[in-house]
Peer 1: 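Right, I'll just put the structure down here and ask away after.
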Amino acid sequence: MKISKEKFGQAFDALVAEYQIIAPVSDANGIAFKGVKSFSEVKQDYLNSKLPPKAFFFPQHEKLMSYKKEGKDVTVKSELKVENTVLFGIRPCDAKGMQLLDMVFKNDQYTDPYYFERRDKSVIIGVACNKIAPTCFCSSFGLSPAGSEGSDIFLIDLGDSYDVEVITEKGKAVAARFEALSELSADEQALVDKIKDAETSSKVDVSTTTSKLDKMFNNPYWDTLQEKCIGCNVCSFSCPTCHCFDISEEVRKNEGTRVRTWDACMAPLFTLHGSGHNPRDNKKTRWRQRMMHKFNYFVHNNGSMSCVGCGRCIKGCPVNMDIRQVIDGANKAELVVE
Amino acid sequence: MNKIINDIRETARQLLAEGKVDVVIGYEKGSLPLKATPCFVHSSEGVDSLIWDETCENNLATYVAKTPGKKAIVAKGCDSRALAVLLQENQIVRDDLYIIGVSCHGVIDQRKIGAEVGEILEASISDGKISVKGMEGDKEYLFTEVKDATCQTCRYPNPVMEDLHIGDTIEVSQEAAAFADVEALESKSDSERQEYFKEQMSKCIRCYACRNACPLCYCQECFVDCNSPRWLTGGVNRAENLLFQAGRVMHLAGRCVDCGACSRACPQGVDIRALNRKMTKDVYVMYNHESGISEEGKPALNEYSANDPEQFLVKE
Amino acid sequence: MGEIQVETENKKYEPKIAAFLCNWCSYAGADLAGVGRIQYPATIRTIRVPCSGRINPLYVLKAMANGADGVLVSGCHPGDCHYISGNYVARRKFALIKSLLNHVGLEEDRISFSWVSAAEGGRFAEVVKGVTERVSALGPNNGIFKVVDGGAADE
Ligand code: SF4
Ligand code: SF4
Ligand code: SF4
Ligand code: SF4
Ligand code: SF4
């Protein structure tokens, strides 16, 4: 089924009354996901945002609670604020990335309320990638530029209209407002099929990576791999699946807040103990951690790799460390007896 | 292949084969168009990956202290200045270092190209021309049109110290340093400048790529990582970001060699240089000092003169 | 110390000014003003440091971030440093931090530097009065640096 962009825009604008709407816009710095009030603000022709949309569920800096002591009384207040949200224009890699984050923030013992209150109150409208950047390699992970996994509603841009696929119950509630849906013409169907069949031209073979990494903890591969890395946080902060955080107290006099901030395994401080000991005190062990976590530990723990091939870390890295080459290098590394 | 690249490779081959150094730090072709990437060559077999062109934008001096053993480094003007400051500050040992100097015509500002042609698919450089195939269209540039802002004002394209020079040297004007970029900002009102920096700082995601790319940010514990005292909260907002940048820029005042590595490393396009350049200008104007132009000398804030200007005092 | 309010247009508002004073000269100067019962506004919060050379530019930044409306830095006159050259070294840092802050749009009058000797109790009071007047005229720290509570949102 398809909906004209005009009708879609009307439905979108009507949603503003009930939802906070986040969509791609073009700003001084490229494409960013931001709050919008009307469909006319939305950038329709874009590759993907510079920073991943994970921040809407897992903000870079978030107050968890605040507290205050007055005399003997201590008051503690939750700082969680949640709005019904529509995230429009999420690319398939990022939609999948959110599913991977779900696995982190929920397990059989604990569900993170801060993440899930927001996650549960939001609807993901995914949009297929008509154009594929040279750094995109999602097809390596069994994903695709037109994959609907992780979206509640999935759209394919046909120029003047969108092909609409409603995927979940949450999606249904929003899609109920779409009017004047009609069948695709034969030409449009052909276009949809073409977009659905497309793959990223860049691909890495990850079929053996996990099992190879099982045997690589002490491999000399890590010695040379890390040399050029300057240990910034660009790759982690721009990754839709990186999720490590730090918790700290901001205290002043008799009141304070507990905050959660993104952290990253590439920073030495990440593993620094209070004693001064640092179990990962060099770039070698840090890069090994990054690779192992994404392509080995996460697979063992959650059954999936924690990279979706969005290519953001490749574009952002100041020294052009290319994760595709890193994976490839690990695949080809000579095994040493451990 | 051009003569410079050939000479770099031959030099590296010799140095490694003769065991004079353990590693050669240079550049190799990167995985993206118009990108070179730092490379560490440990044996003479690896030297053929070394390159030299207008994409060699990282400041390799960053790696010197952190790389063990004897090392050779391919250094352009600004890399050599950073090395000079590091020597002045006793951070590196001259005898462990072999400097392969190359004169630099400047590096390419990829961001500018990307903004015009979209994602860069293919690119080639020849004879001062850069042809780019982009997702939004193709374009041909003269190198001068897309030369990085830092390189446009560079006064030391030739290495200030080296063990070997490769290629020609570049003639430089003997005129006093010009700071048109700083003056343009200075001529604005307080509130206009405030708006400008508010906007810049709100882009920062505190990834610290700028700090880590900088050859002169080498503190064992940076003030941003220090939790006693805790200079910064974990907050990522423009006020905190400015506190970070202002602190960093102050630490680099009189030391920054204006290599632009920080600005180029920034994934968010924050105009960090606007802050550093202001300090560079002040230091130049007030103390007649340029950082890292020779092995001798001291950073500007390690010296003083009884006649230093005092305009900063309150008017009474 | 006297508790008087400065005469400004904005009578109610009393700014908070962080004053970094060197132990040997300016702190002693402030003390002398106190002993001599020379009145000056109670707007300053004094932080005693061993030497103006000990003043890290981050102190100035952090004071502004923590909500000070202004900062006063004061040490011995050049040539009179107890440690011989501390204030000469500090002088360059002071010039630069002042210039940098002005460059990012902080009003010039929020950050003040002055040399005050141990004998200049009267002058110390005058300096504080002057600084207080100028900061009062600017009103509360407008927030280019001010961090409210490490909050997440920008604005
Ligand atoms: S590791 Fe890189 S390519 Fe993979 S999901 Fe993260 S940012 Fe994207
Ligand atoms: S972005 Fe690049 S330099 Fe920075 S930590 Fe990641 S790999 Fe290292
Ligand atoms: S590199 Fe840019 S975004 Fe990262 S901390 Fe520095 S200024 Fe901020
Ligand atoms: S602050 Fe920036 S321009 Fe200055 S030396 Fe460091 S990286 Fe180079
Ligand atoms: S910002 Fe300052 S403290 Fe941090 S590394 Fe650079 S010079 Fe050191």
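Worth saying up front: this structure is predicted, and the values here are computed from it rather than measured. Letters A, B, ... mirror the listed sequences (proteins, then strands); counts begin at 1.
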Peer 1: Are the side chains of W115(C) and L313(B) in contact, using a 4.5 Å heavy-atom criterion?
Peer 2: yes
Peer 1: For R54(C), is the CZ atom crowded, meaning more than 12 foreign heavy atoms sit under 6.0 Å from it?
Peer 2: no
Peer 1: For G247(B) and L58(C), work out which heavy atoms get closest and say how close.
Peer 2: CA-CD2, 3.8 Å
Peer 1: I need the contact set between residues 184-193 of chain B and chain C: heavy-atom distance under 4.5 Å, sorted by residue number.
Peer 2: L185(B), E186(B), D190(B), R193(B)
Peer 1: Rounded at 0.5 Å granularity, tell me how far OH in Y287(B) sits from CG in L96(C).
Peer 2: 5.0 Å
Peer 1: Is V60(C) in contact with chain B via its backbone, its side chain, both, or neither, using a 4.5 Å heavy-atom distance?
Peer 2: neither
Peer 1: Answer with side chain, backbone, both or neither: which region of K98(C) has an atom nearer than 4.5 Å to a non-hydrogen atom of chain B?
Peer 2: side chain
Peer 1: Once rounded to the nearest 0.5 Å, what's the spacing between atom CZ of R92(C) and atom NE2 of H289(B)?
Peer 2: 7.5 Å
Peer 1: Can you tell me how far apart CG (N87(C)) and OH (Y304(B)) are? Round to the nearest 0.5 Å.
Peer 2: 9.0 Å
Peer 1: Step by step, would you call H103(C) with V182(B) a side-chain contact (heavy atoms from CB on, under 4.5 Å)?
Peer 2: CA-CA 9 Å; H103(C) 198 60; V182(B) 184; 4.3 Å; yes
Peer 1: Look up atom CH2 in W231(B) and atom CG in N56(C), then write down how far apart they are to the nearest 0.5 Å.
Peer 2: 5.0 Å
Peer 1: Top residue by heavy-atom pair count (under 4.5 Å) with chain B, among P78(C), S99(C), G79(C)?
Peer 2: S99(C)
Peer 1: Can you name the closest pair of heavy atoms from Q194(B) and G105(C) and give their distance?
Peer 2: NE2-O, 2.7 Å
Peer 1: With a 4.5 angstrom heavy-atom cut-off, which part of M201(B) approaches chain C: side chain, backbone, both or neither?
Peer 2: neither
Peer 1: Select, from M286(B), K315(B), E303(B), the one with the greatest count of heavy-atom pairs under 4.5 Å involving chain C.
Peer 2: E303(B)
Peer 1: Of all the heavy-atom pairs spanning Y88(C) and S305(B), show the shortest one and how long it is.
Peer 2: CD2-O, 4.3 Å
Peer 1: Please state whether the side chain, the backbone, both or neither of F312(B) comes within less than 4.5 Å of a heavy atom of chain C.
Peer 2: both
Peer 1: Grab the two heavy atoms, one from A306(B) and one from R91(C), that are nearest each other, plus how far apart they are.
Peer 2: O-NH2, 3.0 Å
Peer 1: How about CD on E175(B), more than 12 heavy atoms from neighbouring residues, nucleotides or ligands closer than 6.0 Å, or not?
Peer 2: no
Peer 1: Kindly indicate, with the supporting measurements, whether the criterion side-chain contact (heavy atoms from CB on, under 4.5 Å) is fulfilled by F113(C) and E310(B).
Peer 2: CA-CA 10 Å; F113(C) 297 87; E310(B) 290 198 322; over 6 Å; no
Peer 1: Is the number of heavy atoms from other residues, nucleotides or ligands within 6.0 Å of OH (Y27(C)) greater than 12?
Peer 2: no
Peer 1: Kindly determine whether V314(B) and R134(C) satisfy side-chain contact (heavy atoms from CB on, under 4.5 Å), including the steps that lead there.
Peer 2: CA-CA 11 Å; V314(B) 287; R134(C) 286 187 293 270; 3.9 Å; yes
Peer 1: Output the option from A300(B), P229(B), G254(B), A253(B) having the highest count of non-hydrogen pairs under 4.5 Å with chain C.
Peer 2: A300(B)
Peer 1: Give, as side chain, backbone, both or neither, the part of A274(B) having an atom under 4.5 angstrom from any heavy atom of chain C.
Peer 2: backbone
Peer 1: Measuring heavy-atom distances to chain C, does N307(B) have an atom under 4.5 Å in its side chain, in its backbone, in both, or in neither?
Peer 2: backbone
Peer 1: About how many Å separate CG of L100(C) and CD of Q245(B), when rounded to the nearest 0.5 Å?
Peer 2: 10.0 Å
Peer 1: Mind checking whether V104(C) and K278(B) have side chains closer than 4.5 Å, heavy atoms only?
Peer 2: no
